[in-house]
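So you know, we letter chains A, B, ... as the sequences are listed, proteins then strands, and number each from 1.
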There are 2 protein chains.
Amino acid sequence: MSVDLRAEEALKLWQAVSMGLVHDDKPDLTLRQMTILLTVYLEPPPHTVRGLAARLHVTKPVITRALDTMGRMRLIKRRRDEADRRNVVIQRTLEGSLFLEHVGDLIRLKARELI
Amino acid sequence: MSVDLRAEEALKLWQAVSMGLVHDDKPDLTLRQMTILLTVYLEPPPHTVRGLAARLHVTKPVITRALDTMGRMRLIKRRRDEADRRNVVIQRTLEGSLFLEHVGDLIRLKARELI
DNA sequence: GCTAAATGGAACGGTTGCGTAACGAACGTG
DNA sequence: CACGTTCGTTACGCAACCGTTCCATTTAGC
């Protein structure tokens with residue numbers, strides 16, 4: 001990977017990708033939802049409500065609600081941790097993987113176009 | 001500028017920047033608001049409600065409401081077009097420039113860290 | 001066992017965004 | 001100088017998100 005972004009190019013990339021996401025007819029994720037989703041998919045598991053809340057510096061209900069919404073969208077799913085039944089483990093789904101694959105492709109496409 | 005993003009690195013960049021924006025105590029912009037803001041600052045003026053709505057493939061009230069909110073945040077301002085007083089021209093502000101400068105710096109920082 | 005701590009979720013009231021539909025102001029054209 | 005068109009905004013009902021607070025369940029420590 002080689003990255004040498006200059007200020008305006010960095011913003012142009014962000015704009016192009018954001019525009020692409022807005023153009024999709026899929027419902028937009030909020031910034032927090034997107035951050036949670038990416039964290040679950042990119043950082044090593046296990047992911048818990050408490051852990052995500054700490055990672056994002058937000059309160060637990062924020063995570064719970066985001067998981068409710070993204071669960072309805074099938075982007076993630078919850079499972080009780082059988083070892084410690086107080087915990088809920090957040091897991092990836094096929095739909096979530098496909099969605100983020102799409103986002104990744106969009107970023108790469110727009111980055112290439114900006115060269 | 002040289003960009004050669006691979007799939008996971010592209011997503012990691014998006015995650016790191018999103019996380020940085022969430023960590024800021026400033027109120028999060030929605031994806032649509034951010035897209036409007038970047039478009040106003042990066043694409044050649046003049047910018048009108050109708051033009052932005054067409055550019056983003058959203059309805060006019062979406063733009064009006066986003067401008068209301070970002071106007072309250074001082075990120076953009078509106079001005080009547082004196083040539084054709086039906087039009088409203090959307091203009092940049094100092095605060096908006098500073099905010100996007102901050103976002104640009106964040107993107108560049110995270111991109112550098114990912115090399 | 002019994003109490004204290006930890007976890008995720010529910011409830012509440014308030015704010016903001018959404019899509020649809022309607023509106024007033026300004027323009028252009030006959 | 002009417003009349004339709006264009007522009008941005010407002011109104012409405014609805015859904016989602018927010019922060020705070022409280023709660024049920026589960027675990028851990030004494």
Are B:Val17 and A:Leu42 connected in a single hydrophobic cluster, I mean Ile/Leu/Val/Met/Phe/Trp/Tyr linked by side-chain heavy atoms less than 4.5 Å apart?
yes

Does C:dG19 have OP1 or OP2 sitting under 4.0 Å from an N or O in the side chain of B:Arg32?
yes

Starting at CZ of B:Arg79 and ending at P of D:dG8, how long is that distance when rounded to a whole Å?
13 Å

Please tell me whether B:Val89 and B:Leu37 are part of a single hydrophobic cluster in this structure, the criterion being side-chain heavy atoms less than 4.5 Å apart.
no

Whole-Å distance, A:Asp68 CG to C:dA10 P, equals 7 Å

Quick one: is D:dG8 close enough that its OP1 or OP2 comes under 4.0 Å of any side-chain N or O from B:Arg65?
no

B:Asp25 CG to D:dG19 P: how many Å, rounded?
12 Å

Are B:Leu21 and A:Val62 connected into the same hydrophobic cluster when the rule is that any two of I, L, V, M, F, W, Y join if their side-chain heavy atoms are below 4.5 Å apart?
yes

Spacing of B:Asp84 atom CG relative to C:dG28 atom P, expressed in whole Å:
6 Å

Identify which nucleotide among C:dG19, C:dG8, D:dT27 has an atom closest to any side-chain atom of A:Arg86, counting heavy atoms from C-beta outward.
D:dT27

Judged by each residue's nearest nucleotide on DNA chain C, which is more toward the 5′ side, A:Asp28 or B:Arg80?
A:Asp28

When the distance from CG of B:Asn87 to C1' of D:dT5 is rounded to whole Å, what number comes out?
13 Å

Any carboxylate oxygen within less than 4.0 angstrom of a Lys/Arg side-chain nitrogen, looking at A:Glu113 and A:Lys110?
yes

Give a yes or no on this: more than 12 heavy atoms of other residues, nucleotides or ligands lie within 6.0 Å of atom CZ of A:Arg74.
no

Side-chain N,O (A:Thr69) to OP1/OP2 (D:dC17) below 4.0 Å
yes

Take the protein atom CG of A:Leu67 and the nucleotide atom C1' of C:dG8, then report the distance between them rounded to whole Å.
10 Å

So, does A:Arg78 get its side chain near the phosphate of C:dG9, meaning an N or O under 4.0 Å from OP1 or OP2?
yes

Examine D:dA16: is either OP1 or OP2 under 4.0 Å from a nitrogen or oxygen in the side chain of A:Gln33? Give yes or no.
no

B:Glu82 atom CD is separated from C:dA25 atom P, nearest whole Å, by 17 Å

Between A:Asp68 and A:Arg65, does any NZ, NE, NH1 or NH2 come within less than 4.0 Å of an OD or OE carboxylate oxygen?
no

Joint cluster assignment, B:Leu38 & A:Ile107, ILVMFWY side-chain distance < 4.5 Å:
yes

Send over the distance from A:Arg85 CZ to C:dG9 P, rounded to a whole Å.
13 Å

DNA chain C contacts among residues 40-64 of chain B, heavy-atom distance under 4.0 Å:
B:Thr59, B:Pro61, B:Val62

